[in-house]
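Structure first, commentary second.
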Amino acid sequence: MSETNGSPEIKKDEPRIGVYVCHCGTNIAGYLDVNKVAEGAGALPNVVVSRDYKYMCSSMGQELIENDIKEFGLNRVVVSACSPTLHEKTFRAACSRAGMNQYQFQMANIREHCSWVTKDYAKATEKAMRIVSAATHRVARNRALEERKVTIKPATLVIGGGIAGIEAALTIANAGKKVYLLEREPSIGGRMAYFDKTFPTLDCAACILTPKMSEAANHPNIELLAYCELEELSGYLGNFKAKIRKKARYIDEDLCVGCGNCWEVCPQWRSSEAVKKRKAGVKVFHHEATISPMGSCYIPTLQAVPKLPVIEKDTCIHFKTGKCNKCLEACTLGAVNFDQQDTYRDIEVGTIIVATGTKVFDAARVKELGWGRLPNVITSQEFEILCNASGPTGGQILMENGEPPKSVAILHCVGSRDENYNVHCSRVCCMYSLKIAHLVREKLDADVFEFYIDMRTPGKGFEEFYHRVMDEGVIMIRGRGAAVSDVPFTPEEEGKLMVEAEDTLLGMRRRVPVDMVILAVGLEPQEDAMDLGRMLGVSCGMSGFFIERHPKLAPAMTMAEGIFLAGTCQGPKDIPDSVAQAGAAAGQALALMDQGEVSVEGFFAEVAEDACSGCRTCVPLCPYRAIDFITDKNVARVNPALCQACGTCVAACPSSAITGQGYSDDQLVAELDGALLPLSDLFEEPEPVGAPGGGV
Amino acid sequence: MSQEYEPKIIGFLCRWCSYMGADLAGTMRAKYVPNVIPIKVMCSGRVDPEFVLQAIKKGADGVLVAGCHPGDCHYIEGNYKTLRRMTLLSQAIKSFGIDPRRVRLEWVSAAEGDVFVKTINEFTQTIKELGPLERLSNGIVREPAAAGVAR
């Protein structure tokens with residue numbers, strides 16, 4: 001026991017620690033003995049008061065700390081509760097309010113790291129005691145630190161120009177801040193630009209999206225960086241530096257007016273093949289369909305913003321052989337420039353919003369459904385293009401032979417809710433399948449069969465839409481569409497596509513002949529989400545989508561300060577949810593930028609010049625070039641403005657001349673001492689039997 | 001009731017990946033053995049090899065250092081430095097007569113709650129098999145007499 005316990009005389013620097021053990025309802029108290037932990041903590045050195053309380057994070061819990069700091073003259077506080085990611089800030093603020101330096105607070109995580117993961121009640125109690133002991137030993141060596149003020153550049157980089165990115169950009173721009181809207185495709189608009197109608201209101205996607213696209217392009221505060229990629233990112237909250245690569249379009253943007261002379265003459269037609277063939281009464285190639293004329297010189301959609309074509313180097317005859325100059329000759333403005341090169345520029349922003357969206361599941365991976373092999377098996381994405389008034393058929397739903405189908409099957413959950421592909425539910429597929437069913441019924445007198453596992457319609461007006469579609473005579477079959485074949489068993493099946501499924505309501509196998517099969521493909525993270533995450537310091541979760549700071553309380557924030565998430569890059573979402581999250585991300589970015597400066601943690605490395613031997617070991621180790629070598633003094637010096645407090649130099653210094661403020665050697669060694677303390681003196685073996693809550 | 005030997009293990013977890021991975025294991029309510037006491041560091045590169053030796057001296061039977069996957073370090077390349085230091089450290093530890101299996105470096109990302117659980121369970125099992133380190137009154141720490149040092 002410490003001799004300082006309960007001593008009436010308070011020396012100035014003597015640690016006076018308060019330890020608070022949170023029950024977290026039963027989240028902690030149900031799995032270990034919180035009384036025992038608090039009692040044990042009371043016997044640790046320098047601990048003046050130790051208590052357990054039902055909800056430490058409640059205002060009552062915080063008041064408890066504040067009152068104790070004043071009453072007992074505490075200068076150190078340990079709260080053993082949940083992860084510091086969740087409530088460290090809460091308790092630091094409470095300590096500050098009571099006049100204590102917030103860095104003399106320490107959190108002991110006995111929930112995520114102990115109560116939730118330990119089966120045995122007694123062992124969980126002992127582990128919690130060790131964690132609390134480690135934190136208590138450490139906190140005695142925590143020094144008062146000052147937060148650093150960082151100025152924030154009043155500009156945002158929005159990565160991704162889909163509906164979420166556009167919405168976030170407009171919100172910030174309307175608040176008077178500069179926005180760089182970065183899009184790697186030639187046009188903004190994202191996935192939504194390909195939709196004909198949106199569920200459940202069935203309003204025209206282009207009619208609501210294109211005004212937003214042009215508003216973003218024409219906004220005085222938005223600088224559109226279309227056909228650009230993020231090459232490098234450095235810096236931190238308030239002062240990010242981004243290197244942007246502007247990809248060569250081979251079109252001079254200042255001269256081009258988007259007249260279309262160039263793309264109309266490109267001989268490398270791809271999809272418009274479909275248009276021509278349809279006019280000639282031949283076949284429609286679904287897999288090549290796009291909603292714009294696609295040559296090597298092309299425009300992604302006719303509503304593209306900016307309305308500038310791109311020449312695709314890989315397929316262009318000029319780049320392959322040098323023998324074609326058709327677009328060059330067709331352009332009366334001289335805007336085609338085959339010599340254009342990628343250009344680079346650096347921009348500086350205070351905040352970043354990630355809105356990189358998703359990719360759709362590749363239906364070819366589910367071989368048994370026949371996509372790519374059976375011509376009239378198409379994906380929902382292809383259906384959207386087929387159904388789009390700007391599409392190759394002018395919005396008519398046609399089979400490959402140019403005939404309208406008499407029966408259509410829609411297969412739900414392709415690539416979703418399946419352990420072979422993606423475990424997650426893609427959330428939008430049920431509703432867009434219903435929309436597709438409706439569009440087919442509206443345009444054609446065809447039978448529509450929907451093969452679903454569960455019908456998930458939780459949004460506003462969604463269930464009503466489901467009933468409406470059922471009333472329209474769509475036939476619902478509960479059972480995953482297992483296989484699609486074109487092998488007939490009977491003469492009636494000749495020339496049809498056979499969908500096989502187990503009808504789980506009738507308890508029998510079904511074999512339904514149809515003319516066209518539409519696969520409701522799910523959503524997946526972008527292929528390079530991990531790479532971008534690495535650049536930004538934002539992690540990806542199990543499914544590969546970016547992880548938000550807290551699934552409930554901070555869904556638009558990330559663990560990286562100043563970087564926010566919007567739209568489907570965080571997980572599958574429909575348009576309203578993407579827009580809502582984009583608004584939230586923009587609001588949070590604005591809240592930071594409006595402050596002009598923010599506090600960042602007061603951790604940084606410091607060189608004690610008298611101890612520095614001048615060996616320079618630390619200098620090349622620093623990834624931020626924050627360490628300068630002062631030649632005339634023969635010592636190293638850390639620039640605190642650049643230092644990110646990783647501590648790599650601290651660990652490497654052979655003279656122990658560098659201190660990592662907040663994570664110093666003595667703090668970490670004290671933590672070791674606490675973790676390895678023999679507990680028998682202060683801590684009896686807890687009763688494993690009849691423990692409250694049962695624990696396991 | 002005979003008590004099974006429960007090793008004491010220290011786990012240095014980097015705050016960006018492995019600590020978050022441990023948090024995720026908690027959120028998943030995954031169950032694992034309680035032997036590892038986590039100590040949060042800013043980066044696995046902050047782990048001074050001396051901390052590992054100190055931990056062993058102060059009573060730990062094993063030390064885990066966990067950081068972000070190579071290429072994923074929040075501090076760009078701190079974990080590469082950790083990798084080099086830990087490789088050298090395991091050589092040094094061997095020369096002290098301590099089994100290098102008692103010190104383990106693992107990459108655990110914030111998304112890998114399951115990897116964290118597996119690491120903790122496996123590592124604890126390894127240390128259980130190696131048995132408790134012998135601690136003599138003169139401060140010397142050595143492998144239990146019966147066990148040999150892995151070569």
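These numbers were taken from a predicted model, which means no experiment stands behind them. Below, chain A is the first sequence line, B the second, and so on; all start at residue 1.
Residue A/Met530 places its CE atom among 12 or fewer non-hydrogen atoms of other residues, nucleotides or ligands, all under 6.0 Å distant.
Taking 4.0 Å as the cut-off between side-chain N and carboxylate O, A/Arg111 and B/Asp23 do not count as a salt-bridged pair. Between A/Lys241 and A/Glu232, no side-chain nitrogen of the basic residue sits less than 4.0 Å from a carboxylate oxygen of the acidic one, so the salt-bridge criterion is not met. Electrostatic pairing of A/Glu126 and A/Lys36 does not count as a salt bridge here, judged by no charged N lying under 4.0 Å from a carboxylate O. A salt bridge does not link A/Glu231 to A/Lys243: none of the charged side-chain nitrogens sits closer than 4.0 Å to a carboxylate oxygen. Taking the charged nitrogens against the carboxylate oxygens, A/Glu601 and A/Arg148 have no contact shorter than 4.0 Å, which rules out a salt bridge. Ion pairing of B/Glu4 with B/Lys128 is present here, as a side-chain N (NZ or NE/NH1/NH2) and a carboxylate O approach within less than 4.0 Å.
Interface check for chain B: of the options A/Asp673, A/Leu677, A/Leu536, A/Ile547, the most heavy-atom pairs under 4.5 Å are formed by A/Asp673. Counting heavy-atom pairs closer than 4.5 Å to chain A, the top-ranked of the candidates B/Ile37, B/Val47, B/Thr27 is B/Ile37. If you tally non-hydrogen atom pairs under 4.5 Å between each of A/Ala134, A/Pro84, A/Cys114 and chain B, the highest count goes to A/Pro84. Ranked by heavy-atom pairs shorter than 4.5 Å toward chain B, the options A/Met535, A/Arg138, A/Gln644, A/His113 are led by A/His113. Between chain A and the residues B/Cys14, B/Cys43, B/Gly113, B/Pro34, the largest count of heavy-atom pairs under 4.5 Å involves B/Pro34. Among B/Glu112, B/Met20, B/His69, the residue with the largest count of heavy-atom pairs under 4.5 Å with chain A is B/Met20. Among the candidates B/Gly78, B/Ala30, B/Ala25, the residue making the largest number of heavy-atom pairs closer than 4.5 Å to chain A is B/Ala30.
Evaluation of the salt bridge (charged side-chain N to carboxylate O under 4.0 Å, His left out) rule for A/Glu112 yields no partner, not counting sequence neighbours. By the side-chain contact (heavy atoms from CB on, under 4.5 Å) test, B/Pro49 pairs with B/Arg85, B/Leu89, sequence neighbours left out.
In terms of heavy atoms, A/Ala124 sits closest to A/Tyr31 at CB-O, 3.6 Å. Contact detail for A/Arg141 and A/His137: the closest heavy-atom pair is NH1-O, 3.2 Å. Across all their heavy atoms, B/Ile120 and B/Tyr32 have their closest contact at CG2-CD1, 3.6 Å.
With a threshold of 4.5 angstrom between heavy atoms, B/Val36 approaches chain A through N, CA, C or O but not through any side-chain atom. When heavy atoms are compared at a cutoff of 4.5 Å, B/Tyr19 approaches chain A by way of both its backbone and its side chain. Using a 4.5 Å cut-off between heavy atoms, B/Ile39 touches chain A through backbone and side chain atoms alike. If you measure heavy-atom distances from B/Val41 to chain A, the contacts under 4.5 Å come from both the backbone and the side chain. Contact of A/Leu621 with chain B is made through backbone and side chain together, with heavy-atom distances under 4.5 Å. Both the backbone and the side chain of A/Cys646 come within less than 4.5 Å of a heavy atom in chain B.
Of the N and O atoms on the side chains of B/Glu129 and B/Gln125, at least one donor lies less than 3.5 Å from an acceptor on the other residue.
Among residues 50-63 of chain B, the residues having any heavy atom closer than 4.5 Å to a heavy atom of chain A are, in sequence order, B/Phe51, B/Gln54, B/Ala55, B/Lys58, B/Gly59, B/Ala60. For residues 648-661 of chain A, a heavy-atom distance under 4.5 Å to chain B picks out A/Thr648, A/Val650, A/Ala651, A/Ala652, given by residue number.
Judged by distance alone, with hydrogens and angles left aside, the side-chain atoms of A/Ser115 form a donor-acceptor pair with the main-chain N or O of A/Asn27 at under 3.5 Å.
Counting only heavy atoms from C-beta outward, the side chains of B/Lys31 and A/Thr118 never approach each other to under 4.5 Å. Between A/Asn142 and A/Gln106 the shortest side-chain heavy-atom distance falls below 4.5 Å.
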